[in-house]
K.L.:
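Provided herewith is a single structure, encoded as structure tokens, for subsequent inquiry.
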Amino acid sequence: MKKVIIVGAGISGMTAGIILQNSGFETEIYEKNPVPGGELTGWKRDGVYVDNCIDYLMCSKKGSAMNELWHEIGMLEEGLNMYSKDYFFKYEGHGGEITFWRDKERTKREMLALSPDDKEVIEKFFENVTRAESMIMPIDKPMDKMGPRDFMKLGDFVKNVPAAQKAYKGVSVKDLSDSLKSPVLKSAVMMTHPEKTQAYSFIMSYAMCTSGSGDIPEGGSLAAAQRIANKYKAAGGKLHLNSPVKNVKIEGKLATGVVLEDGTEADADYVICASDANHTFTKLLPSSYMPKKLQKPFADKEHFSVFSKFHAAFLVDGKTSFIPDTTYWESEGLNVWGKEIKDVGVICYDYDPTITPEGKTVLQMKIFQYADDVDKWFELAKDREKYDAKKQEIALAMQALIEKKCPETAGKITILDTWSPVTYATRFNAYRGAYMAFVADKDTKTVTTPGVVKGLKNVFLAGQWLMGSGGLPPATAQGKYAAWRICKKEGVECK
Ligand SMILES: Cc1cc2nc3c(=O)[nH]c(=O)nc-3n(C[C@H](O)[C@H](O)[C@H](O)COP(=O)(O)OP(=O)(O)OC[C@H]3O[C@@H](n4cnc5c(N)ncnc54)[C@H](O)[C@@H]3O)c2cc1C
């Protein structure tokens with residue numbers, strides 16, 4: 001039985017592990033953290049659960065190959081309750097409000113009533129939301145190994161998704177906002193994605209909700225990660241937690257295993273690096289092995305940004321008037337790093353009673369952080385006291401905005417936790433604290449990199465950095481692709 005070592009128990013590494021175990025391999029996963037799941041995670045503070053991932057799970061609806069894969073790895077399972085998203089989000093401000101309902105016809109009607117002058121932009125938007133509903137994740141085999149017949153099997157995806165992408169070619173989220181006349185709609189379309197992101201990304205995310213394929217599994221992200229880890233262990237996989245890998249051992253054109261940070265060595269026939277791409281090619285492997293396609297976005301920082309967020313989680317003693325899920329609003333403003341942020345939002349976790357303490361409310365407020373904002377966090381984190389003070393200062397300012405918006409919360413809010421891009425870097429070795437992969441701007445295309453390492457025959461890559469702007473479906477698909485490549489090499493069926 002051939003042995004495979006996997007670096008990283010994120011969703012990608014664990015997916016590779018489950019499929020390889022089911023296909024007859026012996027696998028071991030080495031994970032630096034005490035819990036599996038990587039960025040698919042959550043934790044408890046003062047006994048209260050704080051979620052830190054799934055806002056929407058693409059292909060949560062039955063009927064796609066990706067949905068079957070969610071069941072195979074344990075992300076979803078029969079009988080698991082799903083929170084059915086009736087709306088993507090709500091925005092209130094500039095004297096009006098708009099909700100992006102699951103029922104897109106309703107949203108369209110409400111948008112047209114709000115701003116008849118935006119008819120043309122609105123109609124184009126909904127035409128392409130409908131097209132983007134055909135979005136699926138190909139998972140049978142790596143995309144670089146797909147032939148015309150494989151693409152034919154993808155059905156409407158092949159004609160609809162490229163058409164929607166083409167309709168918004170060269171258009172950023174900010175351009176989409178600028179093309180609208182209504183100040184309410186202008187602000188609303190800017191809320192879910194960084195402004196430089198291609199407008200198509202926003203359309204695709206909303207289409208997930210309108211197609212009923214972006215629901216949230218009960219119990220949140222940590223429970224999902226635990227289910228996946230349990231599937232892996234039940235299939236016979238060995239999961240080593242608290243086991244950071246220092247580097248991959250190489251002899252000529254072959255990897256022979258890994259060396260752990262504590263000096264322990266483990267041998268293997270194959271190695272899968274399922275960690276952050278920058279970490280893989282600065283620490284685990286010499287940087288000269290980085291595939292050319294990956295080098296490009298790392299080098300072209302102008303067109304490929306990465307983003308992260310500052311988050312604060314709050315516990316409210318009592319119930320609030322916030323609707324469950326996501327509400328954004330025009331506030332008095334928040335000043336972060338000298339920049340005024342007027343439109344803010346919260347996620348209210350009331351939608352999942354299993355993670356909400358009885359009679360209380362858990363809220364989270366997040367703000368995008370990019371480029372020099374991220375540098376400032378890393379600089380500040382060199383002085384722990386100043387770093388903590390800054391996090392507290394922003395969290396208190398956020399709390400004041402929540403109290404202003406919902407006066408019934410005054411005096412009842414406790415700050416549960418605060419975290420920043422530095423948290424993602426420290427905890428997961430994430431490049432510049434990013435929790436998605438590269439966000440291509442409107443002038444470029446997203447990059448998909450085959451998970452192979454030129455010059456090393458038995459090392460494969462997995463993880464979100466290999467596909468588009470990342471996220472759970474690409475990370476999971478890449479785990480499957482890495483397993484597929486090893487099965488193919490060994491001439492065994494990939495199960
Ligand atoms: C707040 C937030 C919200 C999100 N919302 C969504 C959403 O709604 N929908 C969606 O699809 N996606 C969402 N994402 C993105 C999603 O979480 C990621 O795309 C996905 O989890 C990445 O998985 P991965 O396996 O590629 O990488 P990771 O999760 O980063 O896994 C890599 C693993 O490798 C480990 N590791 C790193 N270096 C080493 C080493 N040297 N030795 C051993 N182990 C190592 C890390 O600790 C980690 O466990 C969100 C992420 C966050 C943080």
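Read the numbers this way: they start at 1 and go in the same order the structure lists the ligands and their atoms. Treat the numbers as computed from the prediction; the structure is a model and nothing was measured.
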K.L.:
Mind checking what makes side chain to side chain donor-acceptor pair (under 3.5 Å) contact with K90, not counting sequence neighbours?
P.N.:
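With sequence neighbours excluded, K90 shows a side chain to side chain donor-acceptor pair (under 3.5 Å) to E92, given in chain and number order.
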
K.L.:
Please list, chain by chain and in numerical order, all residues satisfying side chain to side chain donor-acceptor pair (under 3.5 Å) with T361, sequence neighbours excluded.
P.N.:
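Testing T361 for side chain to side chain donor-acceptor pair (under 3.5 Å), a comparison that skips the adjacent residues, returns none.
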
K.L.:
Could you label the plane-to-plane angle of the F298 and W465 rings as parallel, tilted or perpendicular, counting under 30° as parallel and over 60° as perpendicular?
P.N.:
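Parallel: the ring planes of F298 and W465 meet at under 30°.
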
K.L.:
How close do F314 and M398 get, counting heavy atoms only, and between which atoms?
P.N.:
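Scanning both residues, the minimum pair turns out to be CZ-CB, 3.8 Å.
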
K.L.:
Could you list the residues that satisfy side chain to side chain donor-acceptor pair (under 3.5 Å) with S172, not counting sequence neighbours?
P.N.:
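By the side chain to side chain donor-acceptor pair (under 3.5 Å) rule, S172 matches D175.
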
K.L.:
Can you produce the list of protein nitrogen or oxygen atoms under 3.5 Å from a nitrogen or oxygen of ligand 1, alongside each distance?
P.N.:
{"residue": "ligand 1", "atom": "5 (N)", "partner": "C53", "partner atom": "O", "Å": "2.8"}
{"residue": "ligand 1", "atom": "8 (O)", "partner": "D55", "partner atom": "N", "Å": "2.7"}
{"residue": "ligand 1", "atom": "8 (O)", "partner": "Y56", "partner atom": "N", "Å": "3.1"}
{"residue": "ligand 1", "atom": "8 (O)", "partner": "Y56", "partner atom": "O", "Å": "3.3"}
{"residue": "ligand 1", "atom": "9 (N)", "partner": "Y56", "partner atom": "O", "Å": "3.1"}
{"residue": "ligand 1", "atom": "11 (O)", "partner": "L472", "partner atom": "N", "Å": "2.8"}
{"residue": "ligand 1", "atom": "12 (N)", "partner": "L472", "partner atom": "N", "Å": "3.3"}
{"residue": "ligand 1", "atom": "19 (O)", "partner": "Q464", "partner atom": "OE1", "Å": "2.7"}
{"residue": "ligand 1", "atom": "19 (O)", "partner": "G471", "partner atom": "N", "Å": "3.1"}
{"residue": "ligand 1", "atom": "19 (O)", "partner": "G471", "partner atom": "O", "Å": "3.3"}
{"residue": "ligand 1", "atom": "25 (O)", "partner": "I11", "partner atom": "N", "Å": "3.3"}
{"residue": "ligand 1", "atom": "25 (O)", "partner": "S12", "partner atom": "N", "Å": "3.1"}
{"residue": "ligand 1", "atom": "26 (O)", "partner": "Q464", "partner atom": "N", "Å": "2.8"}
{"residue": "ligand 1", "atom": "29 (O)", "partner": "E39", "partner atom": "N", "Å": "2.8"}
{"residue": "ligand 1", "atom": "38 (N)", "partner": "H279", "partner atom": "NE2", "Å": "3.4"}
{"residue": "ligand 1", "atom": "38 (N)", "partner": "N429", "partner atom": "ND2", "Å": "2.9"}
{"residue": "ligand 1", "atom": "41 (N)", "partner": "V245", "partner atom": "O", "Å": "3.0"}
{"residue": "ligand 1", "atom": "41 (N)", "partner": "H279", "partner atom": "NE2", "Å": "2.8"}
{"residue": "ligand 1", "atom": "42 (N)", "partner": "V245", "partner atom": "N", "Å": "2.9"}
{"residue": "ligand 1", "atom": "44 (N)", "partner": "K32", "partner atom": "N", "Å": "3.2"}
{"residue": "ligand 1", "atom": "47 (O)", "partner": "E31", "partner atom": "OE2", "Å": "2.8"}
{"residue": "ligand 1", "atom": "47 (O)", "partner": "N33", "partner atom": "ND2", "Å": "3.2"}
{"residue": "ligand 1", "atom": "49 (O)", "partner": "E31", "partner atom": "OE1", "Å": "2.6"}
{"residue": "ligand 1", "atom": "49 (O)", "partner": "E31", "partner atom": "OE2", "Å": "3.2"}

K.L.:
Between D51 and S221, do the side chains contain a donor N or O and an acceptor N or O under 3.5 Å apart?
P.N.:
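D51 and S221 do have a side-chain donor-acceptor pair below 3.5 Å.
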
